[in-house]
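Here, residue 1 is the first one in the sequence, and each next residue gets the next number.
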Amino acid sequence: AAAPNEFRDAIIGHPHLKFALLDEAGNILLSSPDWRPDADALKMLAASNDVLHGSALHMPTPDNPYHTVAAWGDLGGGAGGRALIVLSLDSQEAQGLLAEYRRALFAAMLFGGLAAAALGFLTARNGLRPLRRMAGTAGDISASRLDRRLEVAHAPEELKMLAATFNAMLERLHDSFTRLSDFCSDLAHELRTPIN
């Protein structure tokens, strides 16, 4: 109490750090000039089991943004008592920074997810273009247009064997239709002569 500035000078340069000294009865002996601690909370802290057996640490909560550590110390100068030393760090700025980081992270994840979905859609669409071309060519093939073939050279590696097999099947069908057509022509000619 006789030299309060010695305690206050110890936290100069730490604008978010506050301190208080309490006697054994829980009365505030000294505190930071710009901070009036909650006397009831400090009395409860002085009587808490943790601080009686060493030091106590209290994490910030939504109601109380202070990160607090407290411990008993012996009073010097032959006073023969103890004082509770309480240091509190205002974590509002840090919590605000973390909240800003959370918002930025959420926005980045949302944007990244949307960008990945769009990129995946475009990649899949581009990758399936040869398959759509092959499906279009296959849709154009009919009994009168069996000479059409699928493009094997420009097909993806995974579909080249399928395209080649499909073309071989079309070749066999074309040969079969040609033979059937020739047989029908011969049959018609053979029947036409006797009928005439």
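How far CZ of Arg125 is from OG1 of Thr123: 12.5 Å, rounded to the nearest 0.5 Å. Rounding to the nearest 0.5 Å places CG of Leu98 at 11.5 Å from CG of Leu105. The distance from atom CG of Leu191 to atom CG of Asp186, rounded to the nearest 0.5 Å, is 11.0 Å.
In terms of hydrophobic clustering, with Ile, Leu, Val, Met, Phe, Trp and Tyr side chains grouped at heavy-atom distances under 4.5 Å, Leu128 and Leu162 are assigned to a common cluster. Leu131 and Ile141 fall within the same hydrophobic cluster, defined by Ile, Leu, Val, Met, Phe, Trp and Tyr side-chain heavy atoms under 4.5 Å apart, directly or through other members.
Phe111 belongs to no hydrophobic cluster, as no Ile, Leu, Val, Met, Phe, Trp or Tyr side chain comes under 4.5 Å of its own.
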Please list every donor-acceptor pair under 3.5 Å in which a side-chain atom of residues 166-185 meets a protein atom from a residue at least two apart or in another chain.
unit_1 : atom_1 : unit_2 : atom_2 : d
Asn167 : OD1    : Leu150 : N      : 2.8
Asn167 : ND2    : Leu150 : O      : 2.9
Glu171 : OE1    : Arg149 : NH2    : 2.9
Ser176 : OG     : Arg172 : O      : 2.9
Thr178 : OG1    : His174 : O      : 2.7
Ser185 : OG     : Ser181 : O      : 3.1

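Atom CZ of Arg132 has more than 12 neighbouring heavy atoms from other residues, nucleotides or ligands inside a 6.0 Å radius.
For the residue pair Thr68 and Ser88, the shortest heavy atom distance occurs at OG1-OG, 2.9 Å.
Side-chain contact check for Val86 versus Leu21: every heavy-atom pair is 4.5 Å or farther apart.
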